[in-house]
Amino acid sequence: MPRKVVQGPIRDKEKTKQKLLAAVGKILRVKGYSGLKVSKIAAVAGFDKKLIYEYFGSTEKLIDEYIRSQDYWSKINEGIEVDLSDGGQELSKLAVLNQFESLKKNKELQKIILWELSESKPILRKLVDQREEAGGMLFEHITDPHFGEKATRFRAIMALIISGAYYLNLYTGYNANKFNGIDLKTDEGRDEIEKAIVELIDFAYQK
């Protein structure tokens with residue numbers, strides 16, 4: 001008996017939405033953010049541009065949904081489960097190490113970060129706010145109670161570590177292999193950075 005193929009408006013709509021989102025990623029990766037025009041997105045996806053307005057409301061909302069789907073810190077509360085009895089020490093290490101590795105692999109997210117640094121747009125401000133809100137929840141509910149009056153000091157240390165993880169990936173992705181003599185195109189070089197991240201966070205938790 002032939003297998004039943006499930007089709008219908010809902011299934012087709014979801015498939016179309018995913019193809020439109022994928023088209024945003026492809027354009028961002030190849031052409032950069034300047035290529036994100038409604039006609040170009042529709043052409044790459046292979047659909048009439050009216051479907052962008054029908055399914056997302058606007059090109060901006062389509063791009064917004066794509067950006068949110070790629071941003072690591074906006075989804076941090078969904079993907080990591082660890083014992084929090086240590087005041088978030090292991091969580092902090094795991095979160096930054098995952099970020100460091102995730103950004104290396106995700107060329108589209110690299111483009112988004114560069115876009116944030118080069119332009120001021122409401123769609124990007126919204127992403128920054130969402131990222132801060134997600135990260136803020138981790139600080140407020142886990143690390144701030146652990147550190148008490150030294151909570152701001154820990155936040156400052158994490159700000160340097162997280163921004164460093166961003167920068168090293170972007171720098172080696174677009175300019176050179178080495179930073180401070182460490183070849184970040186090699187597993188050995190990246191391992192040294194990861195060990196340093198762990199050591200710095202452990203240092204922050206020392207009494």
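Residue numbers run from 1 in the order of the sequence given.
Between the S69 side chain and the Y66 main chain, a donor and an acceptor come within less than 3.5 Å of each other.
Environment of NZ in K17: crowded, with over 12 heavy atoms of neighbouring residues, nucleotides or ligands closer than 6.0 Å. For K107, the NZ atom counts as densely surrounded, since its 6.0 Å shell holds more than 12 non-hydrogen atoms of other residues, nucleotides or ligands. Within 6.0 Å of CD in E140 there are more than 12 heavy atoms belonging to other residues, nucleotides or ligands.
Note: T16 OG1 to Y55 OH = 5.0 Å, rounded to the nearest 0.5 Å. Distance check: K37 NZ to K49 NZ gives 13.0 Å after rounding to the nearest 0.5 Å. Here CG of L36 is found 4.5 Å from CD1 of I63. Values are rounded to the nearest 0.5 Å. Considering NZ of K50 and CD1 of I52, their distance stands at 12.5 Å, rounded to 0.5 Å. Summarising the geometry, atom OG1 belonging to T143 is positioned 11.0 Å from atom CG belonging to D86; distances are rounded to the nearest 0.5 Å. For the atom pair CD1 of I41 and OG1 of T59, the computed distance is 5.5 Å after rounding to the nearest 0.5 Å.
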Can I67 and L124 be said to form a side-chain contact (heavy atoms from CB on, under 4.5 Å), step by step? CA-CA 9 Å; I67 289 175; L124 298 173; 4.2 Å; yes

Under the side-chain contact (heavy atoms from CB on, under 4.5 Å) rule, what do Q130 and D71 come out as? Steps first, then yes or no, please. CA-CA 10 Å; Q130 290 170 341; D71 187 61; over 6 Å; no

Please assess H146 against I142 for the test side-chain contact (heavy atoms from CB on, under 4.5 Å), listing each intermediate value before the final yes or no. CA-CA 7 Å; H146 176 81; I142 300 170; over 6 Å; no

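Under the 4.5 Å side-chain criterion, counting only non-hydrogen atoms from C-beta, M158 is in contact with V96. Within the 4.5 Å cutoff, side-chain heavy atoms of R131 are placed close to those of L127.
In terms of the side chain to side chain donor-acceptor pair (under 3.5 Å) criterion, residue partners of R155 (sequence neighbours excluded) are, by chain and number, D144. The ring-ring contact (aromatic ring centres under 6.0 Å, His included) check on Y53 picks up nothing, with sequence neighbours excluded. A search for side chain to side chain donor-acceptor pair (under 3.5 Å) contacts involving S85 returns D83, not counting sequence neighbours. Scored by the side chain to side chain donor-acceptor pair (under 3.5 Å) test, Q110 finds no partners at all (sequence neighbours excluded). Remark: F154 pairs with F147, Y205 by the ring-ring contact (aromatic ring centres under 6.0 Å, His included) rule, at least two apart or across chains. Contacts of K126 classified as side chain to side chain donor-acceptor pair (under 3.5 Å), with partners at least two apart in sequence or in another chain: D64. D48 is linked by a salt bridge (charged side-chain N to carboxylate O under 4.0 Å, His left out) to nothing, counting only residues two or more places apart in sequence or in another chain. Partners of K105 by salt bridge (charged side-chain N to carboxylate O under 4.0 Å, His left out), not counting sequence neighbours, listed by chain and number: E101.
For residues 53-62, the set of pairs meeting the salt bridge (charged side-chain N to carboxylate O under 4.0 Å, His left out) definition, not counting sequence neighbours, is empty. Identified under the salt bridge (charged side-chain N to carboxylate O under 4.0 Å, His left out) test for residues 89-100, with sequence neighbours left out: E90-K93, K93-D202.
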Show which side-chain atoms of residues 28-35 pair as donor or acceptor with protein atoms under 3.5 Å away, not counting sequence neighbours.
| from | atom 1 | to | atom 2 | distance (Å) |
| --- | --- | --- | --- | --- |
| R29 | NH1 | E108 | OE2 | 2.1 |
| Y33 | OH | S118 | OG | 2.9 |

Below 3.5 Å, can you tabulate the donor-acceptor pairs from side chains in residues 181-200 to any protein atom, sequence neighbours excluded?
| from | atom 1 | to | atom 2 | distance (Å) |
| --- | --- | --- | --- | --- |
| D183 | OD1 | K185 | N | 3.0 |
| K185 | NZ | T172 | O | 3.0 |
| T186 | OG1 | D183 | O | 2.8 |
| T186 | OG1 | G189 | N | 3.0 |
| R190 | NH1 | N169 | OD1 | 3.1 |
| R190 | NH2 | F100 | O | 3.0 |
| R190 | NH2 | N169 | OD1 | 3.2 |
| E192 | OE2 | K195 | NZ | 3.0 |

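Scanning all heavy atoms of the two residues, the minimum distance from L103 to A165 falls at CD2-O, 4.3 Å.
For N106 and Q70, the side-chain atoms include at least one donor-acceptor pair closer than 3.5 Å.
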